[in-house]
Amino acid sequence: MRGFEKVGQGYAAHMDRAERGVFGSVTREVLALVRSVEGAPSAEPDAIVERAQDAAAGLPAFSVEAVPTPEDSALRRLFPAAVRDDDDAAAEFRRLAQPELASAKVARLERLAALFAAEGPAVVVDRADAREVAAALTDVRLVVADRLGIVIDADAERVATSVYDAWDGDAEEPPILATVHVLLTVLQDTLVEAMLADLRGRA
């Protein structure tokens, strides 16, 4: 796999079918997880049509019910409390904001999953979609980090070292999820770097 590089009116990352399959599978798992959060849009066809109609009418996805804090630790990373030390204020913000935030995350993850599912030797991201794709990669990476127990920078360095050592033949193969985390980091970092270089070139 090679990270993102600028091509034409967008950015491309070269990877083989197997690599795209793994990234696509992980992205779909994260998408299912986000859909499980209170207030997230359903995958049911009728709900998708209703969501599209509301969005076209400019209607926000506010909830009228109390929205609980997610129990899953990965979801708490994706939907952190906006207000600390004030449970009532945090709950009110979650009630107002979480459904709309979940809808945005679902849309971005759907786009990313479609990119990984596309045929061809590279994943190609249009310039107009790059920020949304970068945000989706961030969300997938956050969930994978949570499942690996990565909390601080030292944890991430430990996981990365285990992968690099295995690639160099100095250690046994690490869990596949650790490799996925390292490669997601490469994809996210190179996409952002290509975007910034593109902006500087057009400035």
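In what follows, every heavy atom counts, from backbone to side chain, and hydrogens, waters and symmetry copies are set aside.
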Rounded to the nearest 0.5 Å, what's the gap from CD on Glu29 to CG on Leu109? Could you check?
12.0 Å

Side chain Asp126, main chain Asp129, donor-acceptor under 3.5 Å
no

Closest contact, heavy atoms only, Val124 versus Ala12
CG2-CB, 4.1 Å

For Gly120, is there any backbone N or O sitting under 3.5 Å from a side-chain donor or acceptor partner on Arg20?
yes

For Ala134 and Val192, the nearest pair of non-hydrogen atoms, with its separation, is CB-CG2, 4.4 Å

Between Arg77 and Val151, is there a side-chain heavy-atom distance shorter than 4.5 Å?
yes

Take Glu5 and Thr190 through the side-chain hydrogen bond (donor to acceptor under 3.5 Å, both in side chains) test and state the conclusion after the steps.
CA-CA 7 Å; Glu5 300 171 333; Thr190 55; over 6 Å; no

Val186 to Gly3 - nearest heavy-atom pair and separation
CG1-CA, 4.3 Å

Show your working on side-chain contact (heavy atoms from CB on, under 4.5 Å) between Met1 and Phe23 and close with a plain yes or no.
CA-CA 12 Å; Met1 187 201 84; Phe23 289 129; 3.7 Å; yes

Give a yes or no on whether Ile176 atom CD1 has more than 12 heavy-atom contacts from other residues, nucleotides or ligands under 6.0 Å away.
no

Within-4.5 Å side-chain heavy-atom neighbours: Phe79 and Lys105
yes

Quick check on Arg76: does its CZ atom have over 12 non-hydrogen neighbours (other residues, nucleotides or ligands) under 6.0 Å away?
yes

For residues Leu187 and Ala13, report the shortest heavy-atom separation together with the two atoms involved.
CD2-CB, 3.8 Å

To the nearest 0.5 Å, what is the distance between CD1 (Ile150) and CZ (Arg158)?
7.0 Å

Arg147: what forms a salt bridge (Lys or Arg N to Asp or Glu O under 4.0 Å) with it, not counting sequence neighbours?
Asp72

So, taking the atom named CG in Leu184 and the one named OG1 in Thr27, what distance separates them when rounded to the nearest 0.5 Å?
7.0 Å

Given Arg35, which of Leu31, Val37, Leu33 fulfils the side-chain contact (heavy atoms from CB on, under 4.5 Å) condition?
Leu31

Does any non-hydrogen side-chain atom of Lys6 lie less than 4.5 Å from one of Met195?
no

Side-chain donor or acceptor of Ser162 paired with backbone N/O of Val159 under 3.5 Å:
yes

Working to the nearest 0.5 angstrom, can you tell me the gap between Asp168 CG and Thr161 OG1?
10.5 Å

For a 4.5 angstrom cut-off between non-hydrogen side-chain atoms, does Val133 reach Arg108?
no

Nearest 0.5 angstrom please: Asp139 CG to Gln188 CD, how far?
9.5 Å

Do Met15 and Phe116 come within less than 4.5 Å of each other through their side chains, counting heavy atoms only?
yes

Out of curiosity, Tyr11 OH to Glu193 CD, how far, rounded to the nearest 0.5 Å?
12.5 Å

Quick one: closest heavy-atom pair of Ala145 and His181, and the distance?
CB-NE2, 3.8 Å

Going through the checks in order, is the salt bridge (Lys or Arg N to Asp or Glu O under 4.0 Å) test met by Arg17 and Glu119?
CA-CA 8 Å; Arg17 183 187 296 271; Glu119 294 294 330; 3.3 Å; yes

For Asp153, is the CG atom crowded, meaning more than 12 foreign heavy atoms sit under 6.0 Å from it?
no

Following the transitive rule for hydrophobic clusters with a side-chain heavy-atom cut-off under 4.5 Å over Ile, Leu, Val, Met, Phe, Trp and Tyr, establish whether Tyr164 and Leu183 coincide in one cluster.
yes

For a quick test of reading the model, state the closest non-hydrogen atom pair linking Trp167 to Val182 and the distance between them.
CH2-CG1, 4.0 Å

